[in-house]
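What follows is a short report on a single structure.
Residues: numbered from 1 along the sequence shown. In this text, all values refer to a predicted model and were calculated from it rather than measured experimentally.
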Amino acid sequence: MKTIEVNQIIDNARFTRFHWMVTLLCALLLVFDGYDLFIYGAVLPVLMKEWGLTPVEAGALGSYALFGMMFGAFVFGPLADRIGRKKGVAISFVLFSVSTFLSGFASTPTEFGIFRFIAGLGCGGLMPNAVALVNEYAPKRARSTLVAIMFSGYSLGGVLCAGLGIYMLPRFGWQSMFWAAAVPLVLLPVILWKLPESVGFLLRQGQQVKARQMLGQVAPLVQLGADVHLVQADAKGASVPMLDLFQQGRAMGTFMIWLSFFCCLLMVYALGSWLPKLMAGAGYSLGSSLSFLLMLNFGGVVGAIAGGWLGDRFSLPKVVVAFFTLGTVSIALLGLNSPMPVLYLLIAIAGATTIGTQILLYANTAQFYPLAIRSTGLGWASGIGRTGAIVGPLLGGWLMAAALPLKLNFLVFAVPGLVAALAIGCFILWYSGKAELPSVSGAVARPVV
């Protein structure tokens with residue numbers, strides 16, 4: 001019986017149609033996820049007027065989905081290590097699509113908040129599992145780029161949301177934005193048919209035949225006959241306690257990753273929830289305010305792909321630090337009275353360096369943890385980050401209630417970017433002198449700095 005280590009096959013594989021299929025399917029799922037996440041910011045000005053919400057109430061209502069995302073990330077990340085990532089992705093997709101559709105039938109803020117919380121559970125579960133799946137199958141030399149391309153779907157969902165909002169809100173009302181979320185469910189059979197299961201999960205289940213078939217698509221030139229026994233260097237049993245994230249030299253990295261996630265998602269959701277309302281309050285029309293949200297997400301697409309390309313050619317954590325620094329400056333400048341072209345440029349840069357940097361953080365986290373605890377690591381990082389996402393809309397509501405000058409609002413939104421840049425800087429300094437990290441099985445994982 002010949003023994004082959006699967007990570008060596010995946011890392012050195014040539015790029016094939018299989019890689020494109022996995023990346024594009026997960027990107028498509030994140031388009032719908034991103035649509036769901038940015039929909040509240042698009043309808044917020046209308047909801048505040050129709051339901052008579054104060055800024056603080058509106059901020060709290062926007063956080064319900066983000067509470068759900070936090071719990072969803074905590075639950076579905078570790079759960080997928082037990083039941084498989086394909087099932088975790090499918091369950092999350094159905095959950096947030098159905099709940100978002102039902103949000104359009106809400107007649108009170110309480111009903112709306114309940115549906116948004118349930119939708120958040122699905123959104124929080126989908127993201128870490130999609131990242132882990134693409135990261136697992138991507139060839140090593142293109143890993144950051146493929147994760148970034150996949151994650152650009154998240155920003156495209158925001159672009160789709162803002163574009164539909166400009167057309168649909170004045171004509172069909174805010175409910176139509178939520179009803180449209182049911183349309184992607186027609187793709188569920190395609191997802192169940194084409195999306196592959198994690199090869200690590202198949203090996204833990206003892207499904208050698210299916211694992212060989214999957215790797216045959218990843219690397220068609222590698223001979224994997226019945227006499228081949230596949231193993232995984234960092235494979236582990238189904239039980240993956242959270243404490244593994246702090247063992248064997250990973251504690252400092254885990255804390256700094258969590259802090260950077262918290263700050264990054266605070267900025268993303270503060271801007272995503274309140275940018276249209278802040279700009280409307282500054283005298284811009286609803287259509288113009290939604291166009292700012294569109295530009296924010298367009299910048300996120302460019303930032304994600306550019307950041308992934310840079311991350312594969314340079315140090316990914318150093319690219320993250322540069323993006324956070326640029327994001328801090330661009331957000332701080334948004335409150336100034338700039339000409340319209342300059343304002344659009346600053347918003348695009350802010351999107352590239354907040355939404356785009358969030359994507360790079362996921363890629364960096366996936367590379368930091370060994371495969372056996374990757375979903376757990378991504379799930380917990382995403383869950384901790386969701387606490388920042390919860391604070392973002394609340395912070396915007398408090399600032400609006402305080403009636404501060406516009407420039408002070410954006411200065412406050414910019415501060416977390418500086419904190420996140422310092423956190424990843426500490427991450428780089430701590431691991432720069434370490435050649436390798438032990439994994440949960442005694443194998444080694446190389447730091448990503």
Closest non-hydrogen atom pair, Pro196 against Met21
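So the two residues come closest at CD-CE, 4.4 Å.
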Using ring centroids (six-membered ring only for Trp), state whether Phe101 and Phe178 fall under 6.0 Å.
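Ring centres of Phe101 and Phe178 not closer than 6.0 Å.
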Is the distance between the ring centroids of Trp20 and Phe15 under 6.0 Å?
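Under 6.0 Å, so yes.
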Using side-chain heavy atoms (C-beta onward) and a distance below 4.5 Å, is Leu121 in contact with Val75?
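No. Closest side-chain heavy atoms not under 4.5 Å.
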Taking C-beta and beyond as the side chain, do Leu361 and Phe324 meet within less than 4.5 Å on heavy atoms?
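Side-chain contact under 4.5 Å: yes.
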Quick check: does any side chain N or O of [X] sit under 3.5 Å from a backbone N or O of [Y], one acting as donor and the other as acceptor?
X	Y	value
Ser97	Leu185	no
Tyr40	Ser63	no
Ser99	Phe96	no
Ser152	Val301	no

Inter-residue atom distance [X].[atom1] - [Y].[atom2], 0.5 Å rounding:
X	Y	atom1	atom2	answer
Leu146	Ile305	CG	CD1	11.0 Å
Glu136	Met214	CD	CE	9.5 Å
Phe323	Thr354	CZ	OG1	11.0 Å
Leu44	Ile39	CG	CD1	12.5 Å
Ile349	Tyr344	CD1	OH	15.0 Å
Leu28	Thr23	CG	OG1	12.5 Å

Decide whether [X] and [Y] meet the rule of one side-chain donor and one side-chain acceptor closer than 3.5 Å.
X	Y	result
Thr254	Tyr369	yes
Ser107	Glu111	yes
Tyr137	Ser198	no

Less than 3.5 Å apart, which donor and acceptor atoms pair up between the side chains of residues 260-272 and the rest of the protein, not counting sequence neighbours?
| residue | atom | partner | partner atom | Å |
| --- | --- | --- | --- | --- |
| Ser260 | OG | Met256 | O | 3.1 |
| Ser260 | OG | Ile257 | O | 2.8 |
| Tyr269 | OH | Tyr154 | OH | 3.1 |
| Tyr269 | OH | Arg386 | NH1 | 3.0 |

Near Arg14 CZ, under 6.0 Å, is it more than 12 heavy atoms from other residues, nucleotides or ligands?
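Counting neighbours around CZ of Arg14, 12 or fewer heavy atoms of other residues, nucleotides or ligands fall under 6.0 Å, so no.
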How about Lys86: does its NZ atom have over 12 heavy atoms from other parts shown lying under 6.0 Å from it?
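Result for NZ/Lys86: enclosed.
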Among Phe112, Trp174, Trp179, the one residue meeting ring-ring contact (aromatic ring centres under 6.0 Å, His included) with Phe105
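Testing Phe105 for a ring-ring contact (aromatic ring centres under 6.0 Å, His included) against Phe112, Trp174, Trp179 leaves exactly one candidate, Trp179.
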